[in-house]
Amino acid sequence: SLTTANYSVYAGHTFSFISLAVNNVGIAQTVPAAAQTVTVITTPSLTAPVVTVTPASANIAASQSLAVAITVTANGAPTGTVALTSGAYASTPVTLNSGGATILIPAGVLASGVDILSVSYTPDTAASSLFTSATGTASVTVAPVVTTTQVSLGTSPVGQSFSVDGVAYSTPQSFTWTVGSVHSIAATSPQTNGGVQRTFSSWSDGGALAHSVTATSGTATYTATFATSYLLSLASNPALGGTIAPVTGTFYPAGTAVSLVATPATGYSFTSWTGPVASSAAAATTVTMNAAQTVTGNFTLIPVPVATLS
């Protein structure tokens with residue numbers, strides 16, 4: 001029989017040797033000691049490669065995609081394809097390039113919680129005589145989808161009236177809304193309280209006085225800003241003594257300097273102003289609207305000369 005103790009055995013290798021006996025390889029040999037050739041077929045043992053799975057992050061949100069790097073290593077250069085599965089998700093096979101590949105898992109396909117990423121390696125025709133199939137795993141934690149969000153609404157200055165979904169409020173409010181839900185918010189304008197008037201200026205999101213908003217993930221705050229005006233009340237003393245301009249009962253923006261003019265009636269003369277004017281003795285003066293103001297123009301009757309008979 002043929003022994004290969006002194007040979008390095010390779011698949012498909014052809015060995016040449018000198019036969020020392022007749023029929024020593026089962027083939028009739030008529031010439032002893034003549035050269036005889038025989039082909040030896042061997043089946044090599046296959047190697048199982050190591051599959052390494054490395055996700056780009058160990059923790060992601062459900063709304064994020066995930067890139068997974070895969071390497072297949074062994075003595076030699078494994079060729080073939082890799083595919084990834086996790087729960088209901090299964091990628092298409094990706095061809096290895098220098099023993100590596102990257103698979104992108106789309107956002108929203110992994111379940112919330114801890115997901116096992118399982119990668120399978122399949123050798124191609126060239127590698128099938130050297131390598132077996134192999135698998136590798138890794139884990140990733142997926143944060144659950146946020147389904148609600150906290151929303152705060154209020155006014156500046158505080159205490160003004162506004163509404164949310166048709167319900168009126170006058171103090172700051174907090175709500176828990178479902179992400180994606182649509183809500184209506186509106187400011188009330190103008191709002192008058194005594195000698196103070198608030199007029200809507202803007203919402204913090206740039207929306208109109210009444211508009212709709214959509215709840216998104218993450219906290220949100222909506223603030224309605226109001227401009228302040230003050231009431232100017234004017235009067236003549238006595239009532240028939242003269243007129244005051246401008247017209248009484250008008251609201252002016254805070255900080256406005258309003259011009260005042262007192263015009264005496266026939267037979268009267270202007271004497272002074274009562275109230276926080278710039279000059280109480282001048283018939284034409286100003287009053288600054290840093291609060292609701294009341295100003296009175298005072299007039300006096302001009303004495304009529306009395307004729308004396310002698």
Side-chain angles (χ1 to χ4, degrees), residues 152-164 166-174 184-213 220-307:
S152 299
L153 287 99
T155 63
S156 177
V158 297
Q160 308 311 303
S161 296
F162 64 96
S163 66
V164 180
V167 180
Y169 303 95
S170 60
T171 57
Q173 300 293 315
S174 295
S184 62
I185 61 176
T188 304
S189 183
Q191 301 180 41
T192 304
N193 183 9
V196 181
Q197 187 176 81
R198 312 287 191 189
T199 304
F200 171 77
S201 295
S202 63
W203 280 102
S204 56
D205 67 340
L209 183 145
H211 65 287
S212 296
V213 295
T221 299
Y222 298 94
T223 302
T225 299
F226 291 80
T228 301
S229 298
Y230 294 111
L231 177 66
L232 176 58
S233 299
L234 300 172
S236 297
N237 178 36
L240 298 178
T243 59
I244 306 297
V247 177
T248 187
T250 302
F251 285 91
Y252 293 93
T256 301
V258 180
S259 296
L260 304 178
V261 177
T263 302
T266 301
Y268 287 86
S269 63
F270 172 79
T271 57
S272 65
W273 294 99
T274 300
V277 296
S279 174
S280 61
T285 188
T286 60
V287 58
T288 300
M289 302 303 294
N290 49 22
Q293 306 287 17
T294 298
V295 177
T296 300
N298 300 305
F299 301 90
T300 186
L301 187 64
I302 299 174
V304 178
V306 178

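Distance check, rounded to the nearest 0.5 Å: OG1 of T155 to CD of Q191 gives 7.5 Å. Here the straight-line distance linking atom CD of Q173 with atom CZ of F162 works out to 5.5 Å at 0.5 Å rounding. The OG1 atom of T223 lies 9.5 Å from the CD1 atom of I185; values are rounded to the nearest 0.5 Å. Distance check: S272 OG to N237 CG gives 9.0 Å after rounding to the nearest 0.5 Å. Between the CG atom in L153 and the CH2 atom in W203 there is a gap of 5.5 Å [rounded to 0.5 Å].
Annotation for A281 and F270: closest pair O-CE2, 3.5 Å, computed over non-hydrogen atoms. P276 approaches V295 most closely through the heavy-atom pair CD-CG2, 4.3 Å. Across every non-hydrogen atom of T288 and G255, the tightest pair is CG2-O, 4.1 Å.
Applying the side-chain hydrogen bond (donor to acceptor under 3.5 Å, both in side chains) criterion to Q197, with sequence neighbours excluded, gives T192. A search for side chain to side chain contact (heavy atoms under 4.5 Å, CB included) contacts involving T274 returns T296, N298, not counting sequence neighbours. In this view, S170 and S161 satisfy the side chain to side chain contact (heavy atoms under 4.5 Å, CB included) rule, not counting sequence neighbours. Legend: residues meeting side chain to side chain contact (heavy atoms under 4.5 Å, CB included) with I244, ordered by chain and number and at least two apart, are L234, S236, A262, W273, F299. The side chain to side chain contact (heavy atoms under 4.5 Å, CB included) test applied to S174 returns S152, not counting sequence neighbours.
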Under 3.5 Å, which donor-acceptor pairs do the side chains of residues 224-232 form with other protein atoms, sequence neighbours left out?
{"unit_1": "T228", "atom_1": "OG1", "unit_2": "R198", "atom_2": "NH1", "d": "2.3"}

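Judged by distance alone, the side chain of T285 and the main-chain N or O of V277 form no donor-acceptor pair under 3.5 Å.
Looking only at side-chain heavy atoms (C-beta outward), P246 and L260 come within less than 4.5 Å of each other. The shortest distance between side-chain heavy atoms of H211 and D205 falls below 4.5 Å.
Heavy atoms of other residues, nucleotides or ligands lying less than 6.0 angstrom from CG of L240 number 12 at most.
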